[in-house]
Protein chains: 2
Amino acid sequence: MRKHPISLKTLAQALNVSMSTVSRALKNHPDIGPEITKKVQQLAQELQYSPNPLAMGLLKNKTRIIGVIVPDLVTYFFSSIISGIESVAEENGYYIVIRSSYESYEKEKECLENLLKLRVEGIIMCLSQETTDYTHFDHLIEEDMPLVFFDRVCRTTEVDTVVVDNQVAACHITEHFVERGYRRIAHIAGPAQLNITRERIQGYKDGLANTGLHFQDALLVHCDMSIDSATAATRQLLALPQPPNAIFGVNDTTAFAAMKEIKRQGLRIPTDVALVGFSDEFHATVVEPTLTSIMHPSFEIGQEAAHLFLKQMHTKIKMPAQQVILQTHLVIRDSTIAT
Amino acid sequence: MRKHPISLKTLAQALNVSMSTVSRALKNHPDIGPEITKKVQQLAQELQYSPNPLAMGLLKNKTRIIGVIVPDLVTYFFSSIISGIESVAEENGYYIVIRSSYESYEKEKECLENLLKLRVEGIIMCLSQETTDYTHFDHLIEEDMPLVFFDRVCRTTEVDTVVVDNQVAACHITEHFVERGYRRIAHIAGPAQLNITRERIQGYKDGLANTGLHFQDALLVHCDMSIDSATAATRQLLALPQPPNAIFGVNDTTAFAAMKEIKRQGLRIPTDVALVGFSDEFHATVVEPTLTSIMHPSFEIGQEAAHLFLKQMHTKIKMPAQQVILQTHLVIRDSTIAT
DNA sequence: AAGGTTTGCGCAAACCTTTGCGGAACTATT
DNA sequence: AATAGTTCCGCAAAGGTTTGCGCAAACCTT
């Protein structure tokens with residue numbers, strides 16, 4: 001097996017000085033004479049010395065590790081957020097350890113405990129779909145451990161959060177449908193307990209109200225954001241006595257599933273049914289017809305979350321919880337252009 | 001700020017015994033009497049004691065952290081591999097720290113050094129596109145640090161690797177085109193230095209040879225796997241005096257880009273040009289026409305890589321390098337069904 | 001009862017780094 | 001020449017855990 005990496009002791013013994021002298025020489029402490037300082041730095045350079053972060057961590061009780069928990073590692077949305085977090089972390093000398101909750105409340109709790117055992121300095125996370133009880137964050141909040149939620153959030157008065165303007169965006173979508181002449185507008189929403197679901201539903205209703213349309217229960221269906229569930233929801237909508245001629249999916253995956261089902265039933269998009277997604281993946285431009293969608297700044301969400309995190313790290317006193325709301329905008333493509 | 005978590009010392013003082021006794025009691029050491037053992041374990045449970053991994057790491061020179069370097073965090077392929085690695089790591093009590101090389105050789109070296117500074121126990125990685133010099137792995141190999149490459153690999157006689165049967169798969173694709181009646185078969189390949197590029201080109205040539213077709217230089221173009229580059233490659237192929245009627249893209253992203261460009265030029269798929277991708281993302285079923293592609297077991301690649309890693313961790317002696325080759329298979333969809 | 005064995009626990013070192021304090025050797029002052 | 005003041009460096013503790021060794025008390029043997 002590999003031998004021990006070189007430590008202060010190695011340098012100290014080689015130069016016949018004490019470890020404290022080496023430690024100080026490395027950071028140009030005035031107490032150390034110029035010749036020794038130079039010799040130490042030279043040897044350190046030569047031997048590629050780098051301080052052991054474990055020892056430092058033990059001493060300072062800091063690991064420079066940020067715990068990140070996401071419901072899912074594979075989707076474009078979360079992976080690009082992770083990428084955003086990673087880029088900021090890296091710039092600031094932090095490491096990120098990622099765990100997936102697989103959309104499970106139990107797993108989410110496990111991940112959290114697990115990361116705390118590792119002694120991460122704080123947590124950046126997105127709630128799982130199942131999570132309705134938020135008491136597992138009590139400890140973190142009481143002990144002022146840095147904590148940031150993004151996208152799906154809770155306890156916003158106590159915890160810093162990064163979200164997008166879901167309500168405004170959903171309202172725009174609805175209004176866009178109306179502008180294009182669609183009147184029977186349905187919404188395939190997410191799980192009821194999520195803030196993003198509630199906000200987008202509210203925006204959907206705002207849009208209806210603004211354009212003088214009435215909200216109809218039958219045109220609002222929920223899904224768990226999986227493909228199968230979204231397909232079922234679409235089927236349910238299209239089977240209505242008066243089916244919708246426009247569908248707003250809670251995210252792009254939902255919209256893609258809806259698109260497949262609509263086509264399968266022999267309906268044309270956007271002639272028979274118009275379709276809009278949310279979060280704008282690259283693939284929105286590849287499907288046919290190309291998908292009108294909300295441009296969701298995922299990478300920036302990650303960056304913002306990391307910035308909030310670092311700000312918490314660097315402020316000693318407890319600040320009031322901050323909520324960063326990122327702007328979205330609607331990208332209009334073929335799935336809503338009635339021809 | 002948060003106070004110190006509870007340590008062995010806390011327990012020892014509370015129970016008026018020594019830290020060594022607590023340490024041993026916690027692991028049911030026979031030297032410790034049953035009453036003390038019970039009391040210690042009870043209190044530890046109650047106070048939620050968990051050993052400080054930093055202290056353990058310092059002592060045993062182990063961190064239980066695996067460094068993972070990928071060229072890109074965002075694509076489906078890499079994120080699902082990461083997911084596979086994470087799942088196995090988690091089961092075995094390991095953590096993963098992820099870094100992105102952004103397809104850059106310099107960044108890749110940086111990431112490597114960086115992770116080594118963190119004292120990871122080893123590395124699981126995929127080479128960047130730019131990497132042609134492999135000497136930055138000398139240290140790791142000499143010191144027998146666990147190392148696993150996946151997908152894009154090098155130094156296969158020294159390092160464990162996980163790959164798919166690229167050559168066989170590419171051969172199948174070509175033969176499939178021929179079966180469907182296509183004769184002018186082009187290949188948009190990846191960067192020349194990558195093993196996956198070489199292997200897929202070889203398989204492409206095998207397929208041509210097996211079916212009595214001649215390889216033509218003009219029908220083989222390279223791209224850097226970016227959308228723009230793949231679009232340019234497609235344009236180049238379609239501009240040939242005798243353009244291809246079948247295109248095999250080195251991965252799905254390339255195929256999607258090709259698909260967009262083919263449509264843009266008013267050509268029909270698969271009537272005018274047939275198309276096949278490689279790695280089968282979910283979106284292959286959403287695009288129109290649905291994309292024939294090679295089913296790439298990404299999640300399993302990650303799991304296999306992690307298993308190889310753990311095997312290295314647990315064997316003291318140096319074993320000969322192992323190469324795991326995962327099977328793929330062709331999923332036939334509409335982009336190659338001539339109607 | 002005296003010897004030996006077992007049982008049960010604590011001391012201290014080791015892993016690596018930082019840092020307050022003490023101390024030796026030197027220079028400068030009176 | 002003696003005292004005060006610098007300069008430069010080492011000691012030791014702290015952070016948390018494991019573990020070889022030592023040591024005391026209790027047990028068992030004859």
Side-chain angles (χ1 to χ4, degrees), chain A residues 1-41 43-44 47-65 93 116-121 143, chain B residues 1-41 43-44 47-65 93 116-121 143:
Chain A
M1 289 302 284
R2 62 195 173 285
K3 49 215 167 264
H4 289 300
I6 59 123
S7 69
L8 280 190
K9 187 187 280 185
T10 324
L11 298 180
Q13 287 173 345
L15 294 171
N16 230 359
V17 293
S18 77
M19 288 165 45
S20 20
T21 302
V22 176
S23 173
R24 283 189 254 255
L26 251 23
K27 24 179 79 61
N28 289 313
H29 194 287
D31 267 12
I32 307 300
E35 327 81 48
I36 293 200
T37 299
K38 195 180 164 193
K39 275 202 301 183
V40 167
Q41 293 187 352
L43 188 66
L47 265 53
Q48 298 249 59
Y49 167 77
S50 90
N52 188 323
L54 293 170
M56 287 291 299
L58 196 54
L59 195 67
K60 303 269 170 88
N61 211 26
K62 304 236 154 130
T63 51
R64 301 198 78 77
I65 297 179
L116 292 179
K117 276 192 190 167
L118 180 63
R119 306 297 202 266
V120 296
E121 292 195 29
E143 299 192 3
Chain B
M1 290 301 283
R2 64 195 170 284
K3 47 210 169 273
H4 290 297
I6 60 125
S7 68
L8 281 189
K9 189 186 279 184
T10 323
L11 298 180
Q13 287 173 344
L15 295 169
N16 231 1
V17 292
S18 75
M19 286 166 48
S20 20
T21 300
V22 176
S23 173
R24 283 188 253 256
L26 250 23
K27 25 181 76 64
N28 288 312
H29 194 287
D31 266 11
I32 307 300
E35 327 80 49
I36 293 200
T37 300
K38 194 179 162 193
K39 277 203 300 183
V40 168
Q41 295 188 350
L43 190 65
L47 264 54
Q48 299 251 58
Y49 167 78
S50 90
N52 188 322
L54 293 168
M56 287 290 301
L58 196 54
L59 194 65
K60 302 270 169 89
N61 211 25
K62 304 237 152 125
T63 50
R64 301 199 77 78
I65 296 179
L116 292 179
K117 274 191 191 168
L118 181 62
R119 305 296 200 266
V120 296
E121 293 194 29
E143 299 193 3

Audit row: L8(A), Y49(A), side-chain contact (heavy atoms from CB on, under 4.5 Å) steps and yes/no: CA-CA 8 Å; L8(A) 280 190; Y49(A) 167 77; 3.5 Å; yes

Side chain N61(B) and base dC15(C) donor-acceptor under 3.5 Å: no

Any-strand Watson-Crick or G-U partner of dT30(D), both distances under 3.5 Å: dA1(C)

Rounded distance in Å - CZ (R24(B)) to C1' (dG10(C)): 8 Å

Comparing V17(B) and R119(B) on DNA chain C - which has the more 5′ nearest nucleotide: V17(B)

S23(A) vs dT18(C): side-chain N/O to OP1/OP2 distance below 4.0 Å: yes

Close side-chain approach of L26(A) to Q41(A), heavy-atom, < 4.5 Å: yes

For L43(B) against A14(B), the heavy-atom pair lying closest together: CD2-CB, 3.8 Å

Nucleotide dG15(D), atom P - distance to CG of L58(A) in whole Å: 9 Å

Over all atoms of both residues, closest heavy-atom pair of G57(B) and L54(A): C-CD1, 3.6 Å

Protein-nucleotide distance (E35(B), atom CD; dT7(C), atom C1'), rounded to Å: 11 Å

Side-chain donor/acceptor of T21(A) to base of dC8(D), under 3.5 Å: no

T21(A): which of T37(A), L15(A), N16(A), I36(A) passes side chain to side chain contact (heavy atoms under 4.5 Å, CB included): I36(A)

Side-chain N,O (K27(A)) to OP1/OP2 (dT18(C)) below 4.0 Å: yes

Flag, side chain of R119(B) to backbone of K117(B), donor-acceptor distance under 3.5 Å: yes

dT17(D) phosphate, OP1 or OP2, under 4.0 Å from K60(B) side-chain N/O: no

5' priority, DNA chain D, between M19(A) and K9(B) [closest heavy atom]: M19(A)

Base of dC8(D) paired with side chain of D31(A) (donor-acceptor, under 3.5 Å): no

Sugar-phosphate, base or nothing in reach of L54(A), heavy atoms under 4.0 Å: nothing

Rounded interatomic separation in angstrom, taking CG from N52(A) and P from dT18(C): 10 Å

Closest listed nucleotide, where the reference is the side chain of A55(A) and the choices are dG10(C), dA12(D), dC16(C): dC16(C)

Residue mapping more 5' on DNA chain D - nearest nucleotide basis, S18(A) or L8(B): S18(A)

Separation of dC21(D) C1' from H29(B) NE2 (nearest whole Å): 12 Å

Atom pair distance, as rounded to whole Å: CG in N28(B) and C1' in dG8(C): 15 Å

Sugar-phosphate, base or nothing in reach of S7(B), heavy atoms under 4.0 Å: sugar-phosphate

Residue-phosphate contact under 4.0 Å: Y49(B) side-chain N/O, dT17(D) OP1/OP2: yes

Atom pair distance, as rounded to whole Å: CG in L59(B) and C1' in dG20(D): 13 Å

Between P of dG20(D) and CD1 of I32(B), the distance in whole Å: 14 Å

